[in-house]
Amino acid sequence: MTNGIILASKSQIRSALLLKAGVEFIAMEAAIDENEVKSSYVNEGYSARDIADVLADMKAKKLSYKYPDKLIIGCDQIMEYNGRILSKAENHIDLVDQLKTLRNNNHKFYSACVVYFANKPEWRFIGSATMTMRNLSDEYISKYVDANWNEVKYCVGGYQIENCGISLFSKINGDYFSILGLPIIQLIDHLLNRGVLKH
C-alpha cells in the first residue's frame, strides 16, 4: 500500500517514528487554524484531552475529504498545566518564564491520534503522560534556554525529552511516545489489525 497512507502532520518526530516502525506514508499539512480552534473550544469548556482529540479529528477529516481513497492519520498534542492549556513559547524570554512556572510542578500531555478512511473516522486513541519537573534554579533555566533555543522553539513545553530535555525532569508517568506527539504503539496495532502492516 505504498503512498496509501497520509500523515496529516509535518512534524519531523512523528514522521521519524512512523518511518522507524516501517510505515510507508506521505506527510502533508492539514492547514487547520489550531489557535482559533483551541480558543473556541476552551471558551466552550472543553478539556485539554478533548481538544487534542478534536484537532486530530479535524486534520484527518479535512484531508480525507480531499483523498477519500487514502488512509489519513491525524494527530495533535495538547499540554496542560494547572487547568490551563499552554502553547509554544513565542520567544526566548517567554520560554524562560514558562519553565520557571513549570519547575517543581507537574504538567500533562495529551496526544490524540485519529484515523480516517473514505471520509469516516475508523479509529481513535488518546495517550497521556504526566511530567514532574525538577526544582531548577533560575541560572540553570537561563543556561538551558540559551543553549537549546534553536532546537526547542518549535516544541510545546520548550524541550525535547529524547535529547537533553530529559535532564529537566525527576519523574515521568505515562506513555513515552505521547510526549513525542504520537501514540505509535496503539497506532501500529490498528494498522496491523487492518492489514495495512504485516508482521
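Remember, predicted model here, so these are calculated numbers, not experimental data.
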* Could you walk me through whether Leu18 and Leu7 pass side chain to side chain contact (heavy atoms under 4.5 Å, CB included), step by step? => CA-CA 9 Å; Leu18 284 173; Leu7 172 65; 3.9 Å; yes
Supply the atom-to-atom distance [X] [atom1] to [Y] [atom2], rounded to the nearest 0.5 angstrom.
X	Y	atom1	atom2	value
Ile72	Leu63	CD1	CG	5.5 Å
Leu102	Met133	CG	CE	5.0 Å
Ile32	Leu55	CD1	CG	8.0 Å
Ile51	Glu44	CD1	CD	9.5 Å
Leu86	Ile78	CG	CD1	10.0 Å
Asp53	Asp76	CG	CG	9.5 Å

* Return yes if a side-chain donor-acceptor contact under 3.5 Å exists between Tyr140 and Ser167, otherwise no. =>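 A donor-acceptor contact under 3.5 Å links the two side chains.
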* Asked: Under 3.5 Å, is there a donor-acceptor pair linking the side chains of Thr130 and Asn173?
  ->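 Result is no, nothing qualifies.
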Should [X] and [Y] be counted in the same cluster of Ile, Leu, Val, Met, Phe, Trp and Tyr side chains packed under 4.5 Å apart?
X	Y	result
Tyr67	Tyr65	no
Val37	Ile126	no
Leu19	Ile5	yes
Phe177	Met79	yes
Leu136	Trp149	yes

Counting C-beta onward and ignoring hydrogens, is there a side-chain heavy-atom pair between [X] and [Y] closer than 4.5 Å?
X	Y	answer
His190	Val115	yes
Leu197	Val23	yes
Phe109	Gln77	yes
Ile73	Ile6	no
Leu71	Leu191	yes
Phe125	Ser111	no
Tyr41	Asp50	no
Gln98	His107	no

* For Asp138, check side chain to side chain contact (heavy atoms under 4.5 Å, CB included) against everything at least two apart and list the hits. =>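 Scan of Asp138 (side chain to side chain contact (heavy atoms under 4.5 Å, CB included), adjacent residues dropped) gives Lys100, Arg103.
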Would a distance-only check, ignoring hydrogens and angles, find a side-chain to backbone donor-acceptor pair under 3.5 Å from [X] to [Y]?
X	Y	answer
Asn148	Glu151	no
Asn43	Ser39	yes
Asp175	Ser128	no
Lys171	Met131	no

Does [X] pair with [Y] as a salt bridge, N-O distance under 4.0 Å?
X	Y	value
Glu29	Lys62	no
Arg49	Glu80	no
Lys143	Glu139	yes

Closest non-hydrogen atom pair between [X] and [Y], with its separation:
X	Y	answer
Ala30	Ala8	CB-CB, 4.3 Å
Gly165	Tyr144	CA-OH, 4.1 Å
Cys75	Leu182	SG-CD1, 3.5 Å
Asp69	Phe117	O-CE1, 3.4 Å
Asn119	Pro68	OD1-CB, 4.2 Å
Pro183	Ser178	CB-OG, 4.1 Å

* Got more than 12 heavy atoms from elsewhere within 6.0 Å of NZ, Lys61? ->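 Counting neighbours around NZ of Lys61, 12 or fewer heavy atoms of other residues, nucleotides or ligands fall under 6.0 Å, so no.
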* Quick check: are there more than 12 heavy atoms from other residues, nucleotides or ligands sitting under 6.0 Å from OH of Tyr154? ->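 For Tyr154, atom OH is not crowded (no more than 12 foreign heavy atoms under 6.0 Å).
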* ring pair (Phe, Tyr, Trp, His ring centres under 6.0 Å) involving Tyr110 - partner list, sequence neighbours excluded ->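 Here no residue qualifies.
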* **Step-by-step side chain to side chain contact (heavy atoms under 4.5 Å, CB included) determination, Tyr176 to Glu162** => CA-CA 10 Å; Tyr176 171 76; Glu162 68 275 23; 3.6 Å; yes
* To do: Evaluate side chain to side chain contact (heavy atoms under 4.5 Å, CB included) for Tyr81 paired with Asn106, printing each intermediate quantity in order.
  => CA-CA 7 Å; Tyr81 167 70; Asn106 293 334; over 6 Å; no
* Measure from NZ or CZ of Arg14 to the centre of the six-membered ring of Phe25, then state whether that distance is under 6.0 Å and the direction lies within 45° of the axis. =>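 Geometry flag: not set, cation outside 6.0 Å or 45°.
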* Asked: Should Leu168 and Ile141 be marked as a side chain to side chain contact (heavy atoms under 4.5 Å, CB included) after you check the CA-CA gap, both sets of side-chain angles, and the distance that decides it?
  -> CA-CA 9 Å; Leu168 304 177; Ile141 289 172; over 6 Å; no
* Asked: Among pairs that include at least one residue of residues 86-95, which meet side-chain hydrogen bond (donor to acceptor under 3.5 Å, both in side chains), considering only residues two or more places apart or in two chains?
  ->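 Listed once each, the pairs are His92-Asp146.
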* Kindly say whether the aromatic ring centers of Phe169 and Tyr159 come within a distance under 6.0 Å. =>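 Yes, close enough.
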